[in-house]
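In what follows, every chain begins at residue 1, and chains take the letters A, B, ... in the order their sequences are listed. Predicted model, so just to flag it, every value in this text is computed and none were measured.
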2 protein chains.
Amino acid sequence: MLDEKDKSALHDFLLREGLKFSAQRLKVLEVVRRGARHLTAGEIYKHTQAKYPGIGYATIYRTLRLLCQAGLCVELKCEDGVCRYEYAGGAVHHDHLICTKCGRIVEVVDPEIERLQERLFKVNGFLPQRHRMELYGICNRCKK
Amino acid sequence: MLDEKDKSALHDFLLREGLKFSAQRLKVLEVVRRGARHLTAGEIYKHTQAKYPGIGYATIYRTLRLLCQAGLCVELKCEDGVCRYEYAGGAVHHDHLICTKCGRIVEVVDPEIERLQERLFKVNGFLPQRHRMELYGICNRCKK
DNA sequence: TGATATCTTGATAATGATTCTCAAGTTCAA
DNA sequence: TTGAACTTGAGAATCATTATCAAGATATCA
Ligand SMILES: [Zn+2]
Ligand SMILES: [Zn+2]
Ligand SMILES: [Zn+2]
Ligand SMILES: [Zn+2]
């Protein structure tokens, strides 16, 4: 169900941190890996229930945090106050273009913007860590 | 305490929307206008209490939403899940550079980035509405 | 292969920011 | 001045996320 690469990336991370492997953690990774992108914790909970009945909400949240630390997942704090998660194993950074009518999310990346962001960090004496850029507008389907 | 311009901008907005003027609304606007930038609703509540004892939390939240609609205030959804507000009467758009150690917030704007963002909207067939860009790093004071 | 120390889990309670409810108080156009 | 419509404050409700903790699973080492 899951690439060996993903599974061993999880294993390696757990070992490195002195943590333990579990079926639950693997199932959550599977859902994040195979499911749609930008799922909420609640959606991930439901999908994981199908593969592992009885799993609890707390485990979903704990595991998502773990996967983020392992670099296998990225958390996106949305304007509606709900976090969404997406698989990030070996994926490149990207930003989001979001339709305010239908909620459609398009992933974008502009190398020139990325470069200018780095410059902003430097000019202001900051050590760059990460950034978040969300562009809100109305998509072509909703413009009519 | 407040520019006539701010006061009448509030009045105009309320009139236009069929809403009513109140001392509470004026005081909240005053706090947002005169106080520090990027205050949380809780901080605005405390500051407003000093000027208008007895004001309730609900009124603070309701008024902040109103001021945002009126274009007098801008809401910033922060990573810690708490919203911060800043006066926006006639102010220009800006983005935020945030120190992950001390929480310091520097306001920045890069016209070139703004231009490229517009291009991203167009290229993807979106009608631009707004955007949010936050750069997270460690500021020079915290780098040591 | 056990014993065991440590980590993980699920149920549930707690948290904390924000929103809702509603009776009582205000505003303002007529 | 009057009254319909809007606001307010107190407290309850919401809702995503965290914390708690006893019971269960994992991995290490003899
Ligand atoms: Zn980017
Ligand atoms: Zn994405
Ligand atoms: Zn900008
Ligand atoms: Zn600002």
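Straight-line distance from the CG atom of B/Leu66 to the C1' atom of D/dC6: 12 Å, rounded to whole Å. The interatomic distance linking A/Leu39 (CG) with D/dA16 (P) rounds to 15 Å, in whole Å. Atom C1' of nucleotide D/dC6 and atom CZ of B/Arg16 are separated by 18 Å, given to the nearest angstrom. Taking atom CD on B/Gln24 and atom C1' on D/dT7, their separation rounds to 7 Å, with Å as the unit. The distance from atom NZ of B/Lys27 to atom P of D/dT7 is 19 Å, rounded to the nearest whole Å.
Between D/dT18 and A/Tyr61, no contact under 4.0 Å exists linking OP1 or OP2 to a side-chain N or O.
The salt bridge (Lys or Arg N to Asp or Glu O under 4.0 Å) analysis of residues 13-22 of chain B, with sequence neighbours excluded, yields no pairs. Applying the side-chain hydrogen bond (donor to acceptor under 3.5 Å, both in side chains) test to every pair with at least one member in residues 64-76 of chain A, sequence neighbours left out, gives these pairs: A/Glu75-A/Tyr85. Here salt bridge (Lys or Arg N to Asp or Glu O under 4.0 Å) pairs that include residues 118-128 of chain B, with residues two or more places apart or in two chains, are A/Asp110-B/Arg119. Here side-chain hydrogen bond (donor to acceptor under 3.5 Å, both in side chains) pairs that include residues 132-141 of chain B, with residues two or more places apart or in two chains, are A/Arg132-B/Glu134, A/Glu134-B/Arg132, B/Arg104-B/Asn140, B/Glu134-B/Tyr136.
If you find the closest nucleotide of DNA chain D to B/Gly18 and to B/Ile60, the one lying nearer the 5' end belongs to B/Gly18. If you find the closest nucleotide of DNA chain C to B/Gly81 and to A/Ile55, the one lying nearer the 5' end belongs to A/Ile55.
In the 5' to 3' direction, nucleotides of DNA chain C lying under 4.0 Å from heavy atoms of chain A begin and end at C/dT6 to C/dA11.
Connectivity analysis of hydrophobic side chains (ILVMFWY, heavy atoms under 4.5 Å, direct or indirect) links A/Leu127 to B/Ile138. By the 4.5 Å side-chain criterion applied to Ile, Leu, Val, Met, Phe, Trp and Tyr, A/Leu15 is assigned to no cluster and stands alone.
At a threshold of 4.5 Å between non-hydrogen side-chain atoms, the residues A/Thr59 and A/Lys27 do not count as touching. The closest side-chain heavy-atom distance from A/Phe126 to B/Val106 is below 4.5 Å.
The side chain to side chain donor-acceptor pair (under 3.5 Å) test applied to B/Tyr52 returns B/Gln24, not counting sequence neighbours. Taking the side chain to side chain contact (heavy atoms under 4.5 Å, CB included) definition, one finds that B/Leu14 meets it with B/Leu10, B/Leu19, B/Phe21, B/Arg25, B/Leu66, sequence neighbours left out. Not a single salt bridge (Lys or Arg N to Asp or Glu O under 4.0 Å) links A/Arg62 to another residue, sequence neighbours left out.
Comparing the helix axis at one end of the helix from C/dT1-D/dA30 to C/dA30-D/dT1 with that at the other, each defined from 5 consecutive pairs, gives an inter-axis angle of 30° (nearest 10°).
Within the nucleic acid shown, B/Gly42 has no heavy atom closer than 4.0 Å to any nucleic acid atom. Counting non-hydrogen atoms under 4.0 angstrom, B/Tyr45 reaches nothing in the nucleic acid.
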Q. What is the per-nucleotide protein-contact pattern of nucleotides 20-30 of chain D, from the 5' end, where B denotes a base atom under 4.0 Å from a protein heavy atom, S denotes such proximity for sugar-phosphate atoms only, and - denotes neither?
A. B-----BS---
